[in-house]
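This is a predicted model, so every value here is computed, not measured. Proteins get letters first, then strands, A, B, ... in listed order; numbering begins at 1 in each.
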Number of protein chains: 2
Amino acid sequence: MWRCSLSVKISLTLKEGKYLTFMYRRQVEEDKRATTTTLAKSFKVNPATVTETLQKLAKKKLVDYTRYYGAKLTERGIIEAQKLLRKHRILEVLFVKLLNFDAESACEEAAKIDHYCSVDLINAICQTYEHPDTCPCSKKIFRDPTCIKGWC
Amino acid sequence: MWRCSLSVKISLTLKEGKYLTFMYRRQVEEDKRATTTTLAKSFKVNPATVTETLQKLAKKKLVDYTRYYGAKLTERGIIEAQKLLRKHRILEVLFVKLLNFDAESACEEAAKIDHYCSVDLINAICQTYEHPDTCPCSKKIFRDPTCIKGWC
DNA sequence: AGCAAGTTTAGGGTTAACCAAACATTTTTA
DNA sequence: TAAAAATGTTTGGTTAACCCTAAACTTGCT
């Protein structure tokens, strides 16, 4: 009895998440298409592997996938990508502000753990740094409705 | 041409790491034996799974394993466990000091990511908090020789 | 129409986890 | 001390997440 399919918990593997954020950056932030080859080169895997992963993402309704044409993030895909990018970028803020990392190292370190960080942890960091709206390289940090600003 | 077998890079899976730290706490910090059943209950897995994992750890020379008797961390096992516990506890310090987490939440959040954090990241946090020697619940934080205190 | 470039399918492979059931060993206790 | 109970191991699986090669297929371009 699913009233609202959007509320069904989506579970993403590590790589699926990486594909989603990669596609988001291309599709939404750079307005370029992410082809199979682009993804394959970027992740240093065989194109066949990319196809497989895109099909899995399609099954989860996170991308619209058409054979030979390519894949585009769905609305849900965009939401999931934004959640992941939020984690990634909040971590970058932490590493730069607290630890004085340069933007590049911050990105590398964030990439290692972003997938595993809970929303609670990210929101706590977000609060501590007063809900930053950009990461160290000026990209947008998406809001999480459950991450409330204090009264001041 | 291995001159020093201790320098061979050890790669641990997530679960292997969890077993190692669990065993460390029991063996070194509490001086109790970690039996197969103890591990199985603690990780909520079948005893057969524990045996399997202990055998893998034995193959990596991280535990001394004797059928039916049990397993004990080797010197290398102790070192690896300490490295992991260092990561875990430094993260706890961060979460408690920066984010005002209580010790228990800090532990939970740390457990989700400790395995994936680089030594560089942990050392940077360690420096920022002036090389703490205990975690929020007063357990020892092991030193990393590459994590140098500043001149002051 | 034909060919090159790009993509997919088919059929595999590995590794990390896990489990149930049968079997082996150790420990307890009657 | 012998049998029962508890504990541990082996055997023979399963699933999921990755990844690959080679052959077949589209598509777009000339």
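Protein atom OH of A/Tyr69 is 12 Å distant from nucleotide atom P of D/dT27, rounded to whole Å. The nearest whole Å value for the distance from the CD atom in A/Glu16 to the P atom in D/dC19 is 11 Å. Spacing between atom CG of A/Leu39 and atom P of D/dC19 amounts to 12 Å, rounded to whole angstrom units. What separates NZ of A/Lys59 from C1' of D/dA17 is a distance of 14 Å, to the nearest Å. Atom P of nucleotide D/dC19 and atom NZ of A/Lys41 are separated by 18 Å, given to the nearest angstrom. The interatomic distance linking B/Gln55 (CD) with C/dA17 (P) rounds to 15 Å, in whole Å. Distance, A/Lys60 NZ to D/dA17 P: 6 Å, rounded to whole Å. As rounded to whole Å, 11 Å separates atom P of D/dT10 from atom CD of B/Glu52.
In the set D/dA17, C/dT8, D/dC19, C/dT8 carries the atom at the smallest distance from any side-chain atom of A/Pro47. Distance from the side chain of B/Val45 is smallest to C/dC18 among C/dC18, C/dT8, D/dC20. Out of D/dT21, C/dC19, D/dC19, the shortest distance to the side chain of A/Thr49 is found at D/dC19. If you check C/dA17, D/dG8, D/dC20 against the side chain of A/Asn46, the one that comes closest is D/dC20. For B/Thr13, counting side-chain heavy atoms from C-beta on, the closest listed nucleotide (D/dT10, C/dA20, C/dA16) is C/dA16.
OP1 or OP2 of D/dT10 lies within a sub-4.0 Å distance of a side-chain N or O belonging to B/Arg67. OP1 or OP2 of D/dT10 has not a single side-chain nitrogen or oxygen of B/Thr51 nearer than 4.0 Å. Checking the phosphate oxygens (OP1, OP2) of D/dC19, a side-chain nitrogen or oxygen of A/Lys15 falls inside 4.0 Å. Distances shown here put every side-chain N or O of B/Lys56 at or beyond 4.0 Å from the OP1 or OP2 atom of C/dT15. For D/dT9, the OP1/OP2 oxygens have a side-chain nitrogen or oxygen of B/Tyr65 closer than 4.0 Å. For the OP1/OP2 pair of C/dG6 and a distance below 4.0 Å, the side-chain nitrogens and oxygens of A/Thr36 include no atom meeting the criterion.
Within a 6.0 Å sphere centred on CD of B/Glu130, heavy atoms belonging to other residues, nucleotides or ligands number 12 at most. No more than 12 heavy-atom neighbours from other residues, nucleotides or ligands sit within 6.0 angstrom of CD on A/Glu104. Residue B/Lys112 places its NZ atom among more than 12 non-hydrogen atoms of other residues, nucleotides or ligands, all under 6.0 Å distant.
For the pair B/Arg33 and B/Tyr69, the distance from NZ or CZ to the six-membered ring centre is under 6.0 Å and the angle to the ring normal is within 45 degrees.
Where B/Thr66 and A/Tyr68 meet DNA chain D, the nucleotide closest to each residue was compared, and B/Thr66 sits on the side nearer the 5' end. Checking A/Leu14 against A/Ala48, the closest nucleotide of DNA chain D that is more toward the 5' end is the one next to A/Leu14.
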Next item on the list: Step by step, work out the side chain to side chain donor-acceptor pair (under 3.5 Å) result for A/Thr49 and A/Asn46.
Entry: CA-CA 5 Å; A/Thr49 306; A/Asn46 194 290; 5.1 Å; no
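To the nearest 0.5 Å, the span separating OG1 on A/Thr66 from NZ on A/Lys72 amounts to 10.0 Å.
Nucleic acid contact class of A/Thr53 (heavy atoms, under 4.0 Å, all strands): none.
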